[in-house]
Amino acid sequence: MPYSIAIDGPAGAGKSTIAKAVSKELGYVYIDTGAMYRTVGLYCLLNGISITDEDAVVEKIKDIDISIAYDDEGVQQVFLNGENVSTKIRTQEVGEAASTVSQYQPVRDKLVSLQQKLASTTSVVMDGRDIGSKVLPNADTKIYLTASVKERARRRANELREKGESCDIKEVEKEIEERDYRDMHRENSPLVQVPDAVLVDSSDLTIDETIDAILDIAMHR
């Protein structure tokens, strides 16, 4: 039987980095659900669709074909209507668009169906905002991974600087707080820590320590 690990948590908590490492350690398939929502956001931005116009986004969702493949290193590649957009979806603008379009139920329905199909055939580590609550409610192990706003802002600022982008740490903190509020208060599938999820706060942990903590939790399940 496929084994599933669900990792939920707010933006900037390191979910993707940790989930990738955990999946590699266990030999499972890693599924980055956020990348799928980013792909919808990218489609809207490229095609002049207002991300705040739910009717317009929902109308176009039928024209969006999202598929996932894995390269020789086992890294997830995301395709939008046949084009590999794995790099294009990683901008701040696309991330903000994803946070908005992910609030629309028809968008979620389309992507959750794909995510559940993937998890039904192979052992997976899946991260996002509503994996334990909505996508994989029967996941074998559920983790709620978080960190303080200040720490998440510091990490994000470092990422931006490494890319050669300037940033104001206070602005980054503000963006993270606003995104947390949107994610936790949206009508459809808000970010929550489900009762059977184990809380892992990585504020004072290294990446390796966080990975080990989650592996330890999974192994004891």
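With no hydrogens or angles considered, a side-chain donor-acceptor pair links Gln92 and Glu175 at under 3.5 Å. A donor-acceptor pair shorter than 3.5 Å cannot be found between the side chains of Thr122 and Tyr28. Side-chain atoms of Asp208 and Thr206 include no donor-acceptor pair closer than 3.5 Å. Side-chain contact, Asp127 with Tyr30: a donor N or O sits under 3.5 Å from an acceptor N or O. Side chains of Asn84 and Gln77: a donor-acceptor N/O pair is present below 3.5 angstrom, by distance only.
Electrostatic pairing of Glu159 and Arg156 counts as a salt bridge here, judged by a charged N lying under 4.0 Å from a carboxylate O. With respect to Asp32 and Lys15, no salt bridge is recorded, no charged nitrogen being found less than 4.0 Å from a carboxylate O. With salt bridges taken as basic N to acidic carboxylate O contacts below 4.0 Å, none links Asp180 and Arg186.
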Residues Arg155, Ser202; criterion side-chain hydrogen bond (donor to acceptor under 3.5 Å, both in side chains); working and verdict: CA-CA 12 Å; Arg155 294 172 185 173; Ser202 68; 3.3 Å; yes
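Residue Lys170 qualifies as open at atom NZ: its count of foreign heavy atoms under 6.0 Å is 12 or below. Heavy-atom neighbours of Glu25 CD from other residues, nucleotides or ligands within 6.0 Å: at or below the threshold of 12. Other residues, nucleotides and ligands contribute more than 12 heavy atoms inside 6.0 Å of the CG atom of Leu46. Atom NZ of Lys24 has 12 or fewer neighbouring heavy atoms from other residues, nucleotides or ligands inside a 6.0 Å radius. The neighbour count for Asp71 CG, taken as heavy atoms of other residues, nucleotides or ligands under 6.0 Å away, is above 12.
Judged by distance alone, with hydrogens and angles left aside, the side-chain atoms of Ser113 form no donor-acceptor pair with the main-chain N or O of Asp109 at under 3.5 Å. Side-chain atoms of Arg38 do not come within 3.5 Å of backbone N or O of Thr33 as any donor-acceptor pair. No donor-acceptor pair closer than 3.5 Å links the side chain of Lys134 to the backbone N or O of Ser189. Judged by distance alone, with hydrogens and angles left aside, the side-chain atoms of Ser4 form no donor-acceptor pair with the main-chain N or O of Val124 at under 3.5 Å. A donor-acceptor contact shorter than 3.5 Å is absent between the side chain of Arg182 and the backbone of Ser99. With hydrogens and angles disregarded, a donor-acceptor distance shorter than 3.5 Å links the side chain of Arg152 to the backbone of Ala11. No donor-acceptor pair closer than 3.5 Å links the side chain of Asp183 to the backbone N or O of Leu191. In terms of modelled atom types and a separation under 3.5 Å, the side chain of Thr17 and the main chain of Gly14 share no donor-acceptor contact. Side chain of Asn47 to main chain of Tyr43: a donor-acceptor pair is present (N/O by atom type, distance under 3.5 Å, no hydrogens or angles). Under the 3.5 Å distance criterion, the side-chain polar atoms of Asp8 are matched with a main-chain donor or acceptor of Asp130.
Going from atom CD1 of Ile18 over to atom CD1 of Ile211 covers 4.5 Å, rounded to the nearest 0.5 Å.
Within the 4.5 Å cutoff, the side chain of Leu114 has heavy atoms near those of the Met36 side chain.
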